[in-house]
Amino acid sequence: MLIFGIESSCDETAASVVEDGRIIRSNVVATQIELHALYGGVVPEIASRAHTEAISGVAEEAFRQAGISPEEIDAVAVTYAPGLIGALLTGLSFAKGFAYSMKKPIVPVHHLRGHIAANYLVWPELKPPFIAICVSGGNTELMIVEDYTRYRFVGTTRDDAAGEAFDKCARVLGLPYPGGAAMDRLASVGNKHAYAFHEGSVDGAPYDFSFSGLKTAVINTVHTETQKGRVIDDAFRADISASFTDAVVRTIVGRLEHLLKENVEGLDIVLAGGVAANSHLRTACEELAGKYGRRLFMPPLKLCGDNAAMIASQGYYEFVSGANASWSLNAYATKSVSEG
Ligand code: KG4
């Protein structure tokens, strides 16, 4: 079965063709990073307009690379939540028009379910149930994936997402948007004990995350140090990056370890989302999985960030389990992963 996927929830316009949920036939991503870098973050209005300009060409290219014609697809899968509403509406409206004209069913896909499905594209042996931690620019969520379309919520962030915290800390260090990858590289040469940043916790909610206090601590430290005359050079950036990254990793791995201790079923662990590209997080998760004798699945770096192959993969599982939206399908800026 061939699924055509569309993704436009933030600053990537993407289209893809995936076979039977597991085989990538094409995966085209047009990134808007350069447009938003000028402003130090995503400007929603600019994102919507850039999606509108790019989407038809990206879709055409996805069919060209897959070597198929639009008539050959079985369904259109599209990200409908969560994300920037104008950005989502661009992809959703394109997908609806396309599906309507081709007389194909339309399948709504939750963006986080897509991030998790990125793993199905590279790990044939991966099947639910498993524990999933999705860490991206807009979300940080811990869950149990009970089946391909059934999710049990465990914990989420109460404020900033991990990726958002990376990007805001990177900005105060003068690094270009999005700064997560640059902080990752700098953290490898910095001293993680240089600054005592604490992991954020939420009283009475051991599985929930909080990154806003940590982000503020980093911003205040940078301001205090510069007021004392410290120059923001690479050595300073590296120490801040290492100390901050260590606190983020401790926060995420701590929640995961708590769940592993409680969870007696021996479930595998899946890491997903843009921040899953972080080398320090990947290493820490590998160590944790080893300690508890669990298998760990992570997407390759090129499938960690937003793409449409992950949407088409999840779309396949939603479609075979009966999902088929009406033509009044709408987009939602927020929606829980368990709602679907
Ligand atoms: O998954 P994604 O493309 O966006 C959402 O779906 O929200 O993730 C983008 C985020 C950005 O915040 C970016 O800085 C972060 O992922 N990121 C990283 C790394 N690579 C990308 N954060 C930390 N370390 C990295 N290596």
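First listed ligand is number 1; within each ligand, the first listed atom is number 1.
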Separation of Phe94 CZ from Thr52 OG1 (nearest 0.5 Å)
11.0 Å
Honestly, is Arg171 close enough over Tyr177, meaning NZ or CZ under 6.0 Å from the six-membered ring centre and within 45° of the axis?
no
Going by the closest heavy atom to atom 24 (N) of ligand 1, which one wins out of Leu281, Thr79, Asn278, Leu301?
Asn278
Distance under 4.0 Å to a non-hydrogen atom of Gly138: what atoms of ligand 1 satisfy this?
7 (O)
Using a 4.0 Å heavy-atom cut-off, say whether Asp184 meets ligand 1 through its side chain, its backbone, both or neither.
side chain
Decide whether the shortest distance between a heavy atom of His115 and an atom of ligand 1 is less than 4.0 Å.
yes
Measure the distances from the heavy atoms of Ala181 to every atom of ligand 1 and state whether one is below 4.0 angstrom.
yes
Salt bridge check: are Arg237 and Asp233 linked by an N-O gap of less than 4.0 Å?
no
Linking I/L/V/M/F/W/Y whenever their side-chain heavy atoms sit closer than 4.5 Å, directly or via other members, would Phe166 and Val249 fall into one cluster?
yes
List every atom of ligand 1 that sits less than 4.0 Å from any heavy atom of Gly163, numbering the atoms from 1 in the order shown and giving each element.
12 (O)
Which protein non-hydrogen atom lies closest to atom 15 (C) of ligand 1, naming both residue and atom, and how far is it?
Val275 CG2, 4.0 Å
Report the part of Asp167 in contact with ligand 1, treating N, CA, C, O as backbone and CB onward as side chain, heavy atoms under 4.0 Å; options are side chain, backbone, both, neither.
side chain
How are the rings of Tyr120 and Tyr148 set to each other: parallel, tilted or perpendicular (split at 30° and 60°)?
perpendicular
Give the intermediate values and the outcome of salt bridge (charged side-chain N to carboxylate O under 4.0 Å, His left out) for residues Glu286 and Lys291.
CA-CA 9 Å; Glu286 268 163 359; Lys291 180 174 164 191; over 6 Å; no
Give the atom numbers and elements of ligand 1 that come within less than 4.0 Å of a heavy atom of Gly305.
3 (O)
Atom 21 (C) of ligand 1 [closest protein heavy-atom partner, distance rounded to 0.1 Å]
Gly274 O, 3.5 Å
Exercise: do Glu199 and Ser201 side chains pair donor with acceptor under 3.5 Å
no
I'd like to check which ligand 1 atoms, numbered from 1 as shown, lie under 4.0 Å from a non-hydrogen atom of Pro178.
14 (O)
Could you list the atoms of ligand 1 found under 4.0 angstrom from a heavy atom of Gly180?
14 (O), 18 (C), 19 (C), 22 (N), 23 (C), 24 (N), 25 (C)
Specify the protein heavy atom at minimum distance from atom 9 (C) of ligand 1: its residue, its atom name, and the distance to 0.1 Å.
Gly137 N, 3.9 Å
Output yes when the distance from some N or O of ligand 1 to some N or O of Gly179 is under 3.5 Å, and no in every other case.
no
Please list the nearest protein heavy atom to atom 3 (O) of ligand 1 with its residue and the distance rounded to 0.1 Å.
Asp306 N, 3.2 Å
Taking only non-hydrogen atoms of His111, do any sit less than 4.0 angstrom from ligand 1?
yes
Report the residues that fulfil salt bridge (charged side-chain N to carboxylate O under 4.0 Å, His left out) with Glu339, sequence neighbours left out, ordered by chain and then residue number.
Lys335
Less than 4.0 angstrom from a charged side-chain N to a carboxylate O is my criterion; do Lys215 and Asp160 meet it?
yes
Can you name the one residue among Ile85, Leu84, Asp306 that meets side-chain contact (heavy atoms from CB on, under 4.5 Å) with Ser9?
Asp306
